Amino acid sequence: MVKTQVAIVGGGPAGLLLGQLLHKEGIDTLLLERRSADYVAGRIRAGVLEPGTVSVLEKAGVASRLHAEGLPHDGVEIGFRGHRHRIDLRSLTGRSVTVYGQTEVTRDLMDARATSGAPSVYEADDVTLLDVAGSEPVVRYRHRGEVHEVSCDFIAGCDGFHGVSRRTIPAAALSLYEREYPFGWLGVLADVPPPWHELIYANSDDGFALASMRSPTRVRCYVQCSLQDRVDQWSDARFWAEFRRRLGGEMAGRVPDVPSIEKSIAPLRSFVAEPLRFGRLFLAGDAAHIVPPTGAKGLNLAVSDVFYLSEALTEFYRAPSRADNVLDNYSVRALRRIWRAERFSWWMTRQLHRFAGNAFDEKMQQVELEHLFESRAAQTSMAENYVGLPL
Ligand code: APR
Ligand code: PHB
């Protein structure tokens with residue numbers, strides 16, 4: 001049977017980055033991904049990197065294009081009732097964020113893995129995890145019609161929310177925490193220079209809108225939409241009209257009608273499964289937790305998880321006698337950061353969206369936002385959460 005030290009299930013940013021960090025430590029990995037490499041490389045996802053994320057990508061040796069092309073942002077704006085209020089991340093925290101698409105991060109990581117020579121199997125079907133509670137787990141999968149088995153020391157479940165890893169753990173061994181939100185985000189990507197300098201998170205009477213960007217010539221924009229909506233009900237003209245209405249003020253007049261190059265709807269969810277370890281199986285990234293995108297934390301949390309996991313595995317291979325402490329410590333460290341990001345993402349979501357009906361809740365939202373605009377302490381708290389703690 002083929003052997004590897006760490007079998008990585010899932011080739012999104014979590015799985016790829018873990019592979020790269022372990023490769024730097026001389027630890028072998030085999031990466032199994034259900035989709036094709038082109039599919040993974042083409043997915044459009046979020047785009048804001050915390051400074052802690054940038055430093056992990058530097059450590060992994062995949063930050064040169066990010067440094068050349070990423071856009072440093074010293075602030076973000078909150079739109080409310082026709083006015084824009086700037087949260088000065090740099091002056092409040094001494095740090096700033098970098099706008100660089102997850103699609104680009106994924107491409108850089110895929111290139112690095114190809115260069116390292118570490119093996120990957122794309123279009124791996126029916127991945128099954130066996131004996132994860134024992135000391136020699138096995139991963140079985142089918143590739144081009146043939147069944148393969150790989151024996152390993154550890155399995156890293158980096159296979160996203162719908163993956164097989166979390167479902168392999170007996171229900172009694174996991175606690176699940178979940179909240180679904182009664183709306184989604186409709187996102188549009190378009191080639192036009194962004195009329196805004198920094199991201200604008202807008203709370204309007206017609207619902208939330210986010211003005212973001214990917215590069216000096218490409219915007220990424222979102223509007224809150226109904227969970228029943230389908231993409232084909234949203235022509236480009238309808239999207240831009242709605243986006244302008246929600247952005248309001250003079251900025252609305254600067255948003256042109258441009259053809260979209262991608263359009264998709266995503267539901268909003270908060271979710272945590274804990275602990276992140278079951279025997280020799282670890283969960284990381286979206287396999288373990290989901291945040292609503294309002295706080296820009298999804299990718300950043302995936303990066304902090306795999307950074308902590310890479311440290312735990314590296315320590316294990318240096319001193320296997322301390323195994324259990326070291327391995328459990330991953331879950332404890334990662335969950336502390338996960339819950340903090342869950343709280344912040346839930347808070348941002350609650351303050352910025354239209355929820356159906358309760359007048360008291362609407363007042364609370366208004367008072368909370370006014371407090372944010374008036375209180376330096378409230379702005380500092382938001383800014384610290386937005387840029388994230390050092391790892
Ligand atoms: N076998 C193998 N691979 C699988 C399986 C399976 N059974 N199920 C899912 N996968 C793959 C998916 O095809 C996907 O490529 O696992 C990968 C998981 O990648 P992501 O969903 O990108 O999750 P993650 O790497 O944790 O990255 C988190 O992605 O969704 C965003 O907001 C999230 O930005 C965050 C980031
Ligand atoms: C994005 O650019 O896609 C983006 C930015 C900030 C968010 C969410 C998404 O909070």
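Atoms within each ligand, like the ligands themselves, are counted from 1 in listed order. Fair warning: this is a prediction, and the values are worked out from it, not measured in the lab.
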Exercise for review: Report, in ascending order of atom number, the atoms of ligand 2 lying under 4.0 Å from any heavy atom of Leu199.
Suggested key: 5 (C), 6 (C)
Review point. Does Pro293, backbone or side chain, put an N or O under 3.5 Å from an N or O of ligand 2?
Key: yes
Practice item. Report the nearest protein non-hydrogen atom to atom 6 (C) of ligand 2: residue, atom name, distance rounded to 0.1 Å. Key: Tyr201 OH, 3.3 Å
Point to revise | Heavy-atom proximity to atom 5 (C) of ligand 1, best of Arg167, Glu33, Arg34 | key: Arg34
Review point. Mind checking whether Phe208 and Trp185 have parallel, tilted or perpendicular rings, split at 30° and 60°?
Key: parallel
**Study point:** Heavy-atom proximity to atom 27 (O) of ligand 1, best of Gly285, Cys158, Pro13, Ala284
**Key:** Pro13
Check your understanding: Are Glu370 and Gln366 close enough that a side-chain donor and a side-chain acceptor fall under 3.5 Å?
Key -> yes
Point to revise | Aromatic plane relationship, Phe373 with His85 - under 30° parallel, 30 to 60° tilted, over 60° perpendicular | key: parallel
Exercise for review: Could you tell me how the ring of Phe344 sits relative to the ring of Trp347: parallel (under 30°), tilted (30 to 60°) or perpendicular (over 60°)?
Suggested key: parallel
Practice item. Please report which non-hydrogen protein atom sits nearest to atom 2 (O) of ligand 2, along with the residue it belongs to and the distance in Å to one decimal place. Key: Ser212 OG, 2.6 Å
Check your understanding: What atoms of ligand 2 come closer than 4.0 angstrom to any heavy atom of Thr294?
Key -> 10 (O)
Check your understanding: Is there a heavy atom in Arg214 that sits closer than 4.0 Å to ligand 2?
Key -> yes
Exercise for review: Note the single closest protein heavy atom to atom 24 (P) of ligand 1, along with its residue, its atom name and the distance in Å.
Suggested key: Ala14 CB, 3.9 Å
Review point. For atom 23 (O) of ligand 1, what is the nearest protein heavy atom, given as residue, atom name and distance?
Key: Asp286 CB, 3.9 Å
Check your understanding: Using the ring of each side chain (for Trp, its six-membered ring), is Phe355 parallel, tilted or perpendicular to Phe183, with breaks at 30° and 60°?
Key -> perpendicular
Check your understanding: How far is atom 9 (C) of ligand 1 from its nearest protein heavy atom, and which residue and atom is that?
Key -> Asp159 O, 3.1 Å
Review point. Counting both backbone and side chain atoms, is some N or O of Ala124 under 3.5 Å from an N or O of ligand 1?
Key: no
Practice item. Report yes if some N/O of Arg220 lies less than 3.5 Å from some N/O of ligand 2; otherwise report no. Key: no
Practice item. Starting from atom 36 (C) of ligand 1, locate the nearest protein heavy atom and write down its residue, its atom name and how far away it is, to 0.1 Å. Key: Gln102 NE2, 3.5 Å
Practice item. Using a strict 4.0 Å threshold on nitrogen-to-oxygen distance, state whether Arg142 and Glu146 make a salt bridge. Key: no
Check your understanding: Does Asp108 come within less than 4.0 Å of Arg65, counting only side-chain N to carboxylate O?
Key -> yes
Check your understanding: Do other residues, nucleotides or ligands put more than 12 heavy atoms under 6.0 Å from Arg340 CZ?
Key -> no
Review point. Is it true that Glu250 and Arg254 make a salt bridge, defined as a side-chain N closer than 4.0 Å to a carboxylate O?
Key: yes
Review point. Any side-chain donor-acceptor pair under 3.5 Å between His289 and Asp305?
Key: yes
Practice item. Measure from NZ or CZ of Arg35 to the centre of the six-membered ring of Tyr39 and say whether it is under 6.0 Å with the direction within 45° of the ring axis. Key: yes
Practice item. Give a yes or no on whether a salt bridge exists between Arg107 and Glu104, defined as a side-chain N under 4.0 angstrom from a carboxylate O. Key: yes
Study note, to complete from the structure: The closest protein heavy-atom partner of atom 22 (O) of ligand 1 is Arg45 NH1, 2.8 Å
Practice item. Using distance alone, determine whether Arg35 and ligand 1 share an N or O pair under 3.5 Å. Key: no
Study note, to complete from the structure: Closest to atom 1 (N) of ligand 1 among protein heavy atoms sits Val127 CG2, 3.6 Å
Point to revise | Val48 neighbourhood, listing ligand 2 atoms whose heavy-atom distance to it stays under 4.0 Å | key: 5 (C), 6 (C)
Check your understanding: At what distance is the nearest protein heavy atom to atom 32 (O) of ligand 1, and which residue and atom is it?
Key -> Gly298 CA, 3.7 Å
**Study point:** Residue and atom name of the nearest protein heavy atom (relative to atom 3 (O) of ligand 2), distance in Å to one decimal
**Key:** Tyr222 OH, 2.6 Å
**Study point:** Protein heavy-atom partner closest to atom 19 (O) of ligand 1 - residue, atom, separation in Å
**Key:** Gly12 CA, 3.5 Å
Review point. Would you call the rings of Phe239 and Phe243 parallel, tilted or perpendicular if under 30° counts as parallel and over 60° as perpendicular?
Key: parallel
